[in-house]
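Quick note: residue numbers are just sequence positions, from 1.
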Amino acid sequence: MSTGADTGLKAALRGSVRAFCALTIGAAANFNAALPATAQGRISIISDAETEAMLREYSDPVFMAAGIDPAAVKIHLVNNNTLNAFVTNGQQLFVHTGLITVVDTPAELIGVIAHETGHMAGGHLVKRREEFESINMPVIASMILGVGAIAAGQGDAGMALIMGSQHIATRSLLAFTREQEASADQAGATFLQRSAQSGKGMLDLFSSMRDQELLTTNRQDPYARSHPMSGARLSALEDRVKTSPYYEKRDSPERVHQFKMVQAKLFGFLDDPSVTFNRYPASDRSDYALYARSVAYHRTGQLDKALAELEPLIANLPDNPYVWEVKGQIYFESGKVPESIAAYRRSVELKPGDEQLHLGLGRALLAREGTESTQEAIRHLQKATQSGEEAFGYYQLSIAYGKLDNIGMAELSTAQYYDALGAIGEAKSHAIRAQKLLDSASPEWLRAQDIAIQQPPQRG
C-alpha cells in the first residue's frame with residue numbers, strides 16, 4: 001500500500017484520477033460538470049485493491065437486483081473523511097473513505113449503496129436535470145419581467161417578481177428532490193430484499209442522519225445535507241424495511257472481519273500515525289490493530305516495527321492476498337526489492353484475477369535489473385491493464401518496453417497511458433508514432449490505429 005506522494009506518479013480513469021498501489025492517493029480531478037453541489041470541486045480519487053474488492057462484493061448483488069449490469073458500473077473511492085456517497089451520469093458510483101470508516105457495520109454501508117443504486121436505476125440524474133430546466137425557463141422569464149418593471153420605475157413590483165420566482169423555483173426543486181430521495185429509499189429496500197439482504201443497516205444509518213439535521217449546517221455530514229430525512233420519509237422506509245423476510249438477517253462474522261480490516265487499513269494510511277496508534281494501542285492484538293499499526297509504523301519509516309506487527313497477522317491470515325500485498329508494498333518502498341517481489345508474488349498466487357495485485361508485482365519486477373525480470377514484469381503488467389482502465393500500468397509498460405528497446409510497443413503503451421488519462425491529443429501523437437514502428441498486420445498496430453483516429457469527446 002502506498003501513496004501518490006511516494007510514487008510521484010498519477011494515473012487516471014476517463015473523468016477521474018487513479019494512482020497506483022494498495023492504497024494510492026491520486027491527483028485531484030475536476031468533476032464540476034458531473035457532480036452534485038456537495039461534491040463539486042477538486043477531489044482526490046484513491047485506489048486500493050482490498051477496499052475496491054469489498055465494495056464490489058457489496059454492490060454487485062444490489063446492482064443485479066436492480067437490473068443493472070455490474071460490469072457497466074464504475075466504482076470510485078474518494079479520499080475524503082466525510083460520510084458521503086453519490087452517483088453521476090454514466091453509471092458512476094463514488095464512495096467517500098469517510099463513509100467506510102464512519103459507519104459501524106457492513107449492512108449500513110450496503111444500505112447507502114442500495115439507496116444510491118435506487119437513484120441510478122430510477123434515472124434520477126436525468127430527471128433532475130429535466131426538472132431544473134423546466135423550472136429555469138419560467139424563472140428567467142419572471143426575472144426579465146422584474147428587471148423590466150424596475151427599469152419602468154416600478155421597483156417594488158419588479159423586486160417582488162424576481163424574489164417570488166426564485167422562491168417558487170427553490171421550493172419546487174426541493175420538493176422534487178425529496179420525492180426522489182424517498183423513491184430511492186424504497187427502491188433500495190426492494191433491491192436489498194431481492195438480493196436476500198436486510199435493510200436494517202440502511203434504516204439504522206438514516207435514522208442517525210435524522211438526528212444530524214438538528215446540528216448546524218457546518219457540523220452536518222454532507223450526506224445528511226444532500227439527503228434530507230423527513231419524519232414521513234423515515235417512517236415510510238421503516239414500514240418497508242421491517243416487512244422484509246430478511247429484516248433480522250445479520251452480517252456474518254467473516255463479513256464483519258473483512259469490513260474491519262478495510263477500516264483499519266484506511267485509518268492506517270489516511271490518518272496521522274499518532275492518531276492510528278491512539279485508536280489501536282499496543283495492547284490491542286486484534287487483526288485490525290496489527291494491520292493498522294503495521295501501516296502506521298511503515299509511514300513513520302520504522303521498517304522493523306512495521307514487519308513485527310505484520311508477521312503475526314500473516315500467521316493468522318496466511319491466505320489473505322491483501323496482507324501479502326501490503327507486505328510487498330512495505331518492502332518495496334523501503335528499498336528491499338527482492339523481498340517485495342516475493343511478497344507480491346504470493347499475493348498474486350492467492351488472487352490471480354486481481355489486476356492491481358499484478359500491477360504491484362509488475363512494478364517490483366521492473367525495479368530489478370535484468371532482461372528476464374523485465375520480460376516477466378511485462379507479462380504481469382499486461383494482466384494489470386486488461387480492463388484498459390489502469391493508466392499507471394500502461395506507464396510502467398512503456399518503461400519496460402523501453403528497457404528492451406522495443407520502441408514501437410513503448411510508444412503504444414504511452415499512447416494507451418494518455419488515452420486512459422483522457423489526454424486525447426497526446427495519445428493520438430504517440431499512437432501515430434507507434435504505427436510507424438509496428439507491423440501493420442499486428443493487433444498492436446490496430447490498437448494504435450484505434451487511438452490515432454478517435455475524435456475528442458464532444459463538450460456540451
Next item on the list: Before giving the answer on salt bridge (Lys or Arg N to Asp or Glu O under 4.0 Å), spell out for Lys351 and Asp319 the whole-Å C-alpha distance, their side-chain angles and the decisive distance to 0.1 Å.
Entry: CA-CA 9 Å; Lys351 196 170 183 182; Asp319 297 327; over 6 Å; no

Next item on the list: Check step by step if side-chain contact (heavy atoms from CB on, under 4.5 Å) holds for Ile110 and Gln197.
Entry: CA-CA 9 Å; Ile110 294 169; Gln197 300 186 83; 3.7 Å; yes

Next item on the list: Give the C-alpha distance, both sets of side-chain angles, the deciding distance and a yes or no for side-chain contact (heavy atoms from CB on, under 4.5 Å) between Leu205 and Val103.
Entry: CA-CA 8 Å; Leu205 181 62; Val103 298; 4.1 Å; yes

Margin query: Let's go through Leu93 and Glu116 carefully: what are the C-alpha distance in whole Å and the side-chain angles of both, what is the deciding distance for side-chain contact (heavy atoms from CB on, under 4.5 Å) to 0.1 Å, and is it a yes or a no?
Written below: CA-CA 8 Å; Leu93 172 63; Glu116 295 303 324; 4.0 Å; yes

Note to self: As a quick check of understanding, evaluate side-chain contact (heavy atoms from CB on, under 4.5 Å) for Leu192 and Ser198, giving each step before the final call.
What the structure shows: CA-CA 6 Å; Leu192 290 172; Ser198 172; over 6 Å; no

Next item on the list: Could you walk me through whether Glu181 and His115 pass side chain to side chain donor-acceptor pair (under 3.5 Å), step by step?
Entry: CA-CA 8 Å; Glu181 293 303 324; His115 174 90; 2.8 Å; yes

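For the pair Thr117 (side chain) and Ile113 (backbone), a donor-acceptor distance under 3.5 Å is present. Side-chain N or O atoms of Arg56 include one that pairs as donor or acceptor with a backbone N or O of Pro70 at under 3.5 Å. Side-chain N or O atoms of Arg279 include none that pairs as donor or acceptor with a backbone N or O of Ala289 at under 3.5 Å. Counting only distance, with no hydrogens or angles, the side chain of Ser398 and the backbone of Ser413 share no donor-acceptor pair below 3.5 Å. Distance alone, capped at 3.5 Å, is enough to place a donor-acceptor pair between the Trp324 side chain and the Pro318 backbone.
The six-membered or imidazole ring of Tyr344 lies away from that of His380, with a centre-to-centre distance of 6.0 Å or more. The ring of His257 has its center closer than 6.0 angstrom to the ring center of Tyr288.
To the nearest 0.5 Å, atoms OG (Ser207) and CG (Leu234) are separated by 4.5 Å. Leu270 CG to Thr101 OG1: the interatomic distance, rounded to the nearest 0.5 Å, is 8.0 Å. Between atom CG of residue Asp185 and atom CG of residue Leu237 there is a gap of 5.0 Å, rounded to the nearest 0.5 Å. With values rounded to the nearest 0.5 angstrom, Asn81 atom CG is found 12.0 Å from Leu99 atom CG. Considering CG of Asp304 and CG of Leu307, their distance stands at 7.0 Å, rounded to 0.5 Å. In this structure, the separation between OH on Tyr394 and OG1 on Thr385 is 4.5 Å, given to the nearest 0.5 Å.
A cation-pi geometry, defined here as NZ or CZ lying under 6.0 Å from the six-membered ring centre and within 45° of its normal, does not hold between Arg293 and Phe277.
Checked options Tyr247, Phe206, Tyr246; the residue passing with Val241 is Tyr247 (criterion: side-chain contact (heavy atoms from CB on, under 4.5 Å)). Each of His298, Glu311, Glu339 was compared with Lys327 under the side-chain hydrogen bond (donor to acceptor under 3.5 Å, both in side chains) criterion, and only Glu311 meets it.
Gly188 approaches Met202 most closely through the heavy-atom pair C-CE, 3.9 Å. The shortest non-hydrogen separation linking Tyr280 to Ala264 is OH-CA, 3.5 Å. Here the closest non-hydrogen pair linking Ala236 and Gln186 is O-NE2, 3.4 Å. The shortest heavy-atom contact between Gly328 and Ser340 is O-OG, 2.9 Å. Pairing each heavy atom of Leu357 with each of Pro321, the nearest pair is CD1-CB, 4.0 Å. When every heavy atom of Gly393 is checked against every heavy atom of Leu359, the shortest pair comes out as CA-CD1, 3.6 Å.
Contact of the Val73 side chain with the Ser59 side chain is not registered, since no non-hydrogen atoms from C-beta on lie closer than 4.5 Å. The side-chain heavy atoms of Met54 and Ile100, taken from C-beta on, include a pair separated by under 4.5 Å. Looking only at side-chain heavy atoms (C-beta outward), Val87 and Phe94 stay at 4.5 Å or farther from each other. Residues Thr97 and Val78 have side chains not in contact (no heavy-atom distance under 4.5 Å, counting atoms from C-beta outward). Looking at heavy atoms from C-beta onward, Val337 lies out of side-chain contact with Tyr331 at the 4.5 angstrom threshold. Side-chain contact check for His96 versus Val102: every heavy-atom pair is 4.5 Å or farther apart. With contacts defined as side-chain heavy-atom distances shorter than 4.5 Å, the pair Tyr291/Val323 qualifies. Tyr58 is listed as a side-chain neighbour of Pro106, based on a closest heavy-atom distance under 4.5 Å.
One finds no salt bridge joining Arg233 and Glu238 here, because no Lys/Arg side-chain nitrogen approaches an Asp/Glu carboxylate oxygen to under 4.0 Å. A salt bridge between Arg447 and Asp419 is absent, with no side-chain N of the basic residue lying under 4.0 Å from a carboxylate O of the acidic one. For the pair Arg285 and Glu309, the salt-bridge criterion is met [side-chain N within less than 4.0 Å of a carboxylate O]. A salt bridge does not link Lys428 to Glu426: none of the charged nitrogens lies less than 4.0 Å from a carboxylate oxygen. A salt bridge between Glu108 and Lys200 is absent, with no side-chain N of the basic residue lying under 4.0 Å from a carboxylate O of the acidic one.
The aromatic rings of Tyr395 and Phe392 lie parallel to each other, their planes meeting at an angle below 30°, with 60° marking the opposite boundary.
In the model, Arg250 has no side-chain atom that pairs as donor or acceptor with a side-chain atom of Thr105 under 3.5 Å. Residues Glu52 and Gln356 have side chains that bring a donor and an acceptor to within less than 3.5 angstrom of each other. Inspection of the Thr82 and Asn84 side chains reveals no N or O donor paired with an N or O acceptor under 3.5 Å.
Applying the ring-ring contact (aromatic ring centres under 6.0 Å, His included) test to Tyr322 and every residue at least two apart in sequence or in another chain returns nothing.
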